[in-house]
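This report concerns only the one structure given below.
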Protein chains: 2
Amino acid sequence: MTDSQPPTGAGGPSVRPLDPAELGTCFVLMEAVSLLQHQVEQQLRATGGISYVQFQLLARPAHGDGPLTMTELADGVVYSRSGLTYQAGLLEKAGLITRDPSPDDDRATLVTVTDDGRALVEAVLPGHVEVVRRLLLDPMAGDDLHRLGDVMTRVRAQPPRSATPRRRRPPVAEQ
Amino acid sequence: MTDSQPPTGAGGPSVRPLDPAELGTCFVLMEAVSLLQHQVEQQLRATGGISYVQFQLLARPAHGDGPLTMTELADGVVYSRSGLTYQAGLLEKAGLITRDPSPDDDRATLVTVTDDGRALVEAVLPGHVEVVRRLLLDPMAGDDLHRLGDVMTRVRAQPPRSATPRRRRPPVAEQ
DNA sequence: TATTGTTATACTCTATAACTATA
DNA sequence: TATAGTTATAGAGTATAACAATA
């Protein structure tokens, strides 16, 4: 329809717009995952009183071998260190993890999941799996699972752009 | 490894755990989308001072025919009505949308994107498309796009469970 | 100097419940 | 009675910058 647009904008030189298939796939991907995430969040909150972020922070080291450093723990879960410190503070206060100084590196903090933490993960897991299975896995067929895994592995591997472009507009934010 | 687990838990009767492929795909899907969403959010904030939610609220009616009601606008973007009212309040205050009573239904509010709103969407769009293309579309090949679209369409269509199970634990929350 | 982690602070956003008004 | 939308409010989460300590 609107196939004009002198293709230069604030975003850079000449950007080809998305065709309907690209647009549709983006859209449905974001919406489906958003829906899934919302349901997962509900289940975790209802069953264990934790958020998805907290679940990830508990589940990863709970099923691993040893304790992780804060930095290792943050990987892929949280985008700011202070955010992790905040969450770790909550989890520690709830008795689900402990934080101790690392013997190897005196700067580092080692996070260990307590027995209570492990128990909580186990208590929450069946319902979590049920939601994931029902909402994500059940509607798949054939090699959908592997295809999806492959594609998303490539997507995840995409390097983030280094420089952040300058702010152009004041935020809409706040009231 | 741990193949025990008397498969009953708080989540319901007998839940088969995820096999490694299922677990891996879930994981990489959530992480890849989270990464994508974070980059998109950064770009929108930097270029237009808006969040992804706000972008969706602007972009949908901006490219549609007529104004939408609040309820129509909320669909798939927001999970509570008050959340939408909040966002609409911000967008209206920023002059990006207007809200007027519907002539058809005196309960409804019609949301119209203003010229400024449309201009903002256009200003932000090239950069948005660039991010989506680079992070999501470029790493795809062959019929990946269609396969992904198909799968996610099925996933999205999955009906949410009606009843919310009772809370079992106090939230970790707050400090 | 770079890295690890914490703190203080300021927002940004979401959700629940109560409410008004119309269908 | 059910639906559309708003308000008040509380709570959860995130991010920035400044900081301390170690590599």
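Each chain gets a letter, A, B and so on, in the order the sequences are listed, and its residues count up from 1. All of these numbers come straight from a predicted model, not from anything done at the bench.
When the nucleotides D:dG13, D:dT22, D:dG5 are ranked by their closest atom to the side chain of A:D106, D:dT22 comes out on top. Distance from the side chain of A:R107 is smallest for C:dA2 among the nucleotides C:dA2, C:dC13, C:dT6. Proximity note for A:T71 (side chain, C-beta onward) versus C:dT12, C:dT4, D:dG5: the nearest is C:dT4. Checking C:dC13, D:dG13, C:dT4 against the side-chain heavy atoms of A:A108 singles out C:dT4 as nearest. Residue B:M70 has its side chain nearest to D:dT6 when only D:dT6, C:dT6, D:dA12 are considered.
Interatomic distance, B:M140 CE to B:H146 NE2, rounded to the nearest 0.5 Å: 11.5 Å. The distance from the CD1 atom of B:I50 to the CG atom of B:L91 is 8.0 Å, given to the nearest 0.5 Å.
Under the side-chain contact (heavy atoms from CB on, under 4.5 Å) test applied with B:C26, the options A:V40, A:L145, A:V132, A:L148 reduce to a single match, A:V132.
Between A:S82 and A:H38, the residue whose closest nucleotide on DNA chain C is further toward the 5' end is A:S82.
Regarding A:R81, its CZ atom lies at a distance of 15 Å from the C1' atom of C:dA8, rounded to whole Å. To the nearest angstrom, C1' of D:dA2 lies 12 Å from CG of B:D105.
In this structure, A:Q54 does not reach the D:dA12 phosphate: none of its side-chain N or O atoms is under 4.0 Å from OP1 or OP2. Note on A:R99: a side-chain N or O is less than 4.0 Å away from OP1 or OP2 of C:dT6.
In the hydrophobic clustering (ILVMFWY side chains linked at under 4.5 Å, chained through shared members), A:L35 is joined by B:Y79.
Within 4.0 Å (heavy atoms only), A:S80 reaches at least one base atom of the nucleic acid. Within the 4.0 angstrom heavy-atom criterion, no nucleotide atom of any strand lies near B:S102.
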